[in-house]
Amino acid sequence: MNNNFHTEVLVIGSGVSGLLTAELLAAEKNVTVITKSELGKSNSRLAQGGIAAVTSDDDSWADHFFDTIQAGVFHNNNELTELLVKKGGECVSQLIEMGVTFDQSKDGTYSRCREGAHSVPRILHAGGDATGKELMNKLVKRVKESSTIIEHHAAVDLIVENGFCAGASFMNEKGNLLMVKADFVILATGGAGQLYPVTSNDTSVTGDGIAMAYRAGAIVSDLEFMQFHPTMYAGSGASFLLSEAVRGEGGRLVMESGVYLMEGKHELLDLAPRDVVARAIYEEQNMVYLDISAVTNFDDRFPTIASYLNEDDASSKKVPVQPGAHFLMGGVETDRYGRTSVANLFAIGEVANTGVHGANRLASNSLLEAVVFANEAATWMLNHKRVQHGMAAASQPLHIPNSLPDPSKLRTIMNDYVGITRHAVGLSTAIDELGAYLKGKKKLASSVEEVTLTNMLQTSWLMATSAYMRTESRGGHHRSDFPQANQRFQQKRIKRRILEDEWATTEKKSRAVF
Ligand code: SIN
């Protein structure tokens, strides 16, 4: 392979958002998709729940909009949230046209499930609990035919020339570099679940896109809002997700005493917003179980989960659960068309912060976001030329700290200090400990492991810093020292490029307050 080439569109990452954008552009543009492992290995493939969309007369975009902003604790970008929910039906039709098969009831209508914080059943699913797999299988097949695919190349840096994005550099498993110039670059690298010890995320989801965009001078925002899914498996062996749809079909959380956990804690009980349920489990001293005895035909409805359950769990119908890092609401800030603050650089899917999820994402709105904004971005790129001038701040190319933490050490810091509940002292400790690695002497990258770990470190530091600066509790960001939401932050998204300098100034101000 030529280790320096040009493509019209460069897609970094291969989940639903990246592959769908590639597919929508490929008839008119030369598209290259580069991914750090195999094509399609992503969080999207693991999505169990489904896609939330208004597809019945008993539902309305206004209801879906209200559920979304209520779950997001009114931190959402209202304009883009309205766009998101209004486009739901259209997106589902597009996926069906592409060959995606959604589950149907015996009468031939689509089966719709209810999940946390939805006022009506509106989640379409495929293969029971294998919605992501169905979408990805269809998309992977199409993109293999329409685009150039390069696997096993990890993105190292975005190339910024004259203030605009002009491509990206990559490294393969042997440490060889590849430079790809492009008219448009699309970051579709997913979120940052792998910064935590318990996560539903694919092993490839290590916050790379956020760190790269930050180094390129892009605005990143809302990184304090990490969603912890309430029901990750907590028994022996590897952890796995137990979809919220299980509670949508009658599953209940019970304490060791046999008492229902969510009784008296929220009017929606087990279907309360995720942050509320995750905190309730976290605060319970003893083990919490997901009681699946009331779910009819569990094995047929949830074949993936059933295949993971061991005999004891399956026969007792009480599955031990714990919260785990699931979805990052913040990310690289974008507008309606996925455009970031760096010209010609786009971000789509979980890596982006469109603002549609606010402080806490509504269940099954993530695949919807990926599909809606892939369409918006593709439409823009098909109708515009690349921008020839830009104003991005000087980019800082990746340099690897001489001393890097073991990934498990980094995850422990994030879990202990930037986890479900945070406070100023812990966050300061995290910032100092992570910052100490980043401040040390640097060298050039020589392996994908070093690149990944440095990205993890930078994204962790940005998340800890963002969490320190938000002195209130809202959605996925809960501060024990500031337990209430603060009106000052309501409906006001904090836009900032978090720089080391800015942090230093804020820290001084904040310390004076404490
Ligand atoms: C789930 O199935 O519980 C996860 C789906 C989602 O995060 O929306």
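Atoms within a ligand are numbered from 1 in the order they appear, just like the ligands themselves. Just so you know, these numbers come straight off a predicted model, no measurement behind them.
In this structure, the protein non-hydrogen atom closest to atom 2 (O) of ligand 1 is S243 OG, 2.6 Å.
Contact check on E115 versus R274 returns a salt bridge, with a Lys/Arg side-chain nitrogen under 4.0 Å from an Asp/Glu carboxylate oxygen.
Each of the following atoms of ligand 1 lies closer than 4.0 Å to a heavy atom of E244: 1 (C), 2 (O), 3 (O). Remark: ligand 1 atoms within the under-4.0 Å shell around heavy atoms of G49 are 2 (O). The atoms of ligand 1 that sit less than 4.0 Å from any heavy atom of H229 are 1 (C), 3 (O), 4 (C).
A 6.0 Å sphere centred on NZ of K265 holds more than 12 heavy atoms belonging to other residues, nucleotides or ligands.
Residue contact annotation: A363 has a non-hydrogen atom under 4.0 Å from ligand 1. Residue contact annotation: R274 has a non-hydrogen atom under 4.0 Å from ligand 1.
Selection from S200, S364, C113, G248 by nearest heavy atom to atom 8 (O) of ligand 1 gives S364.
Residue contacts with ligand 1 for H125 are absent, since no atom lies close enough (heavy atoms, distance under 4.0 Å).
For ligand 1, the polar-atom distance check against E115 finds no nitrogen or oxygen pair separated by under 3.5 Å. Close N/O approach between S366 and ligand 1 is not found [any backbone or side-chain N/O within under 3.5 Å].
The only option from V246, V254, L253 that meets the side chain to side chain contact (heavy atoms under 4.5 Å, CB included) definition with D291 turns out to be V254.
A distance of 11.0 Å separates CG in D103 from CG in D300, rounded to the nearest 0.5 Å. Distance check, rounded to the nearest 0.5 Å: CG of D275 to CE of M226 gives 13.5 Å.
Judged by the 6.0 Å distance and 45° axis criteria, R411 is not positioned over the aromatic ring of Y196.
A donor-acceptor contact closer than 3.5 angstrom links the side chains of S146 and E23.
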